[in-house]
Number of protein chains: 2
Amino acid sequence: MGKPTRVTNEIRALRFAAGEMTQAELADRVGLTRQTIIAIEQGRYSPSLEVAFRIARVFGVPLERVFGYPEEES
Amino acid sequence: MGKPTRVTNEIRALRFAAGEMTQAELADRVGLTRQTIIAIEQGRYSPSLEVAFRIARVFGVPLERVFGYPEEES
DNA sequence: ACATCGTGTCAAGTATCTTAGACATCTCGG
DNA sequence: CCGAGATGTCTAAGATACTTGACACGATGT
């Protein structure tokens, strides 16, 4: 339900890069539920900016390294 | 009301830097209402990541130049 | 076979973001 | 003075994000 978002992310790759971090562990470190991580990771919706910042902080990278937004061709 | 967010922004400064751009014009260019711009500019809540990206695009700057998130000291 | 872990799904509810419209205030130009 | 533009407030409703809890499935290990 809810339309999928245009925002892309590298969460899965970053989790593995960060020593096989599990979705549950990431959820815990970010302060979200596991379900929310799954939904974001799958691009089912775009998180709030605050959550996006918290995720980037956990991985220790800038926000734009985790999330992307496509150019628009009009 | 809802709690104010920890996310900071430079929208007002960027509007003026971009040739006295008005809130209504920004709202229009981003595809939001004027009210939403006001609320975000005042830090009454943090926008969705998608909206944050669109705002940054309008100003032609990276997202992290528009929005900031404080360090956390637990 | 059985238990555990990681991932994923579904459904129903709460919280937060976003919209729409009406209205108040200030400033500026005519 | 009067009108128009820019900012802001309030209320109410609609749309998304996020939570909680339960369950399914494949892989791994004992």
Side-chain angles (χ1 to χ4, degrees), chain A residues 1-59 61-70 72 74, chain B residues 1-59 63-70 72 74:
Chain A
M1 324 239 199
K3 42 190 89 159
T5 182
R6 289 151 87 192
V7 174
T8 63
N9 74 86
E10 299 297 324
I11 295 179
R12 185 171 287 266
L14 287 162
R15 278 199 297 112
F16 282 94
E20 307 284 324
M21 184 188 296
T22 180
Q23 290 177 335
E25 190 184 338
L26 176 56
D28 195 57
R29 298 240 265 145
V30 176
L32 295 175
T33 61
R34 195 170 60 84
Q35 308 238 36
T36 303
I37 294 296
I38 293 174
I40 294 171
E41 195 169 298
Q42 290 175 152
R44 295 216 264 126
Y45 50 67
S46 88
S48 72
L49 185 53
E50 183 158 355
V51 162
F53 269 118
R54 294 212 303 263
I55 292 173
R57 283 287 158 85
V58 166
F59 292 123
V61 300
L63 192 151
E64 309 205 19
R65 183 94 173 256
V66 183
F67 299 97
Y69 194 68
E72 26 198 285
S74 45
Chain B
M1 294 237 252
K3 44 194 77 160
T5 181
R6 289 150 88 191
V7 174
T8 64
N9 74 86
E10 299 298 324
I11 294 179
R12 185 171 286 265
L14 287 162
R15 278 199 299 111
F16 281 94
E20 306 286 323
M21 183 188 297
T22 177
Q23 290 177 336
E25 190 184 339
L26 176 57
D28 194 56
R29 298 240 266 145
V30 176
L32 295 175
T33 61
R34 194 171 61 84
Q35 299 241 41
T36 302
I37 294 295
I38 292 174
I40 293 171
E41 195 169 299
Q42 291 176 152
R44 292 216 260 123
Y45 49 66
S46 87
S48 71
L49 184 54
E50 182 157 356
V51 162
F53 269 119
R54 295 211 303 262
I55 292 173
R57 284 287 158 86
V58 166
F59 292 122
L63 192 151
E64 307 206 21
R65 175 166 295 200
V66 184
F67 299 96
Y69 193 68
E72 46 192 80
S74 52

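Everything quoted here is computed from the prediction, not taken from an experiment.
Within residues 15-23 of chain B, no residue approaches DNA chain C, by heavy-atom distance under 4.0 Å.
Rounded to whole Å, atom P of dT16(D) lies 16 Å from atom CG of Leu49(B). Protein atom CD1 of Ile40(A) is 9 Å distant from nucleotide atom C1' of dC18(D), rounded to whole Å. If you take CZ of Arg54(A) and P of dA17(D), they are 16 Å apart, rounded to a whole angstrom. Leu32(A) has its CG atom 13 Å from the C1' atom of dA15(C), to the nearest Å. Remark: C1' of dT11(D) and CD1 of Ile38(B) are 15 Å apart, rounded to the nearest angstrom. The separation between Asp28(B) atom CG and dA20(C) atom P is 12 Å, rounded to whole Å. The CD-C1' distance, from Glu25(A) to dT7(C), rounds to 15 Å in whole Å. Going from atom CZ of Arg6(A) over to atom P of dT16(D) covers 14 Å, rounded to whole Å.
Proximity of Gln42(A) to the phosphate of dT9(C): a side-chain N or O atom is located under 4.0 Å from OP1 or OP2. When the side-chain nitrogen and oxygen atoms of Ser46(A) are compared with OP1 and OP2 of dT16(D), none of them lie within a distance under 4.0 Å. Remark: Thr33(B) is in phosphate contact with dT19(C), judged by side-chain N or O atoms under 4.0 Å from OP1 or OP2.
At least one side-chain heavy atom of Tyr45(B) sits less than 4.5 Å from a side-chain heavy atom of Ile40(B). Contact annotation: the side chain of Pro47(B) approaches that of Phe67(B) to within less than 4.5 Å [non-hydrogen atoms, C-beta and beyond]. No side-chain heavy atom of Thr36(B) sits less than 4.5 Å from a side-chain heavy atom of Val30(B).
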Base-contact (B) and sugar-phosphate-only (S) positions in nucleotides 22-30 of chain C, heavy-atom cut-off under 4.0 Å, - elsewhere: ---------
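Taking all atoms of both residues into account, the shortest heavy-atom contact from Ile11(B) to Glu41(B) is CG2-OE1, 3.5 Å. Minimum interatomic distance between Thr5(A) and Ser46(A) (heavy atoms only, all atoms of both residues): OG1-CB, 3.4 Å. When every heavy atom of Gly31(A) is checked against every heavy atom of Arg54(A), the shortest pair comes out as O-NH2, 3.9 Å. Nearest heavy-atom pair, Glu10(A) versus Arg65(A), reported as atom, atom and distance to 0.1 Å: CG-O, 3.9 Å.
Between Arg12(A) and Pro47(B), the residue anchored closer to the 5' end of DNA chain C is Arg12(A), taking for each the nucleotide with the nearest heavy atom.
Counting non-hydrogen atoms under 4.0 angstrom, Ser48(B) reaches the backbone sugars and phosphates but no base.
A donor-acceptor distance shorter than 3.5 angstrom exists from the side chain of Glu64(A) to the backbone of Leu63(B), with no hydrogens or angles considered. Using modelled atom types, one side-chain atom of Arg57(B) and one backbone atom of Tyr69(A) make a donor-acceptor pair closer than 3.5 Å.
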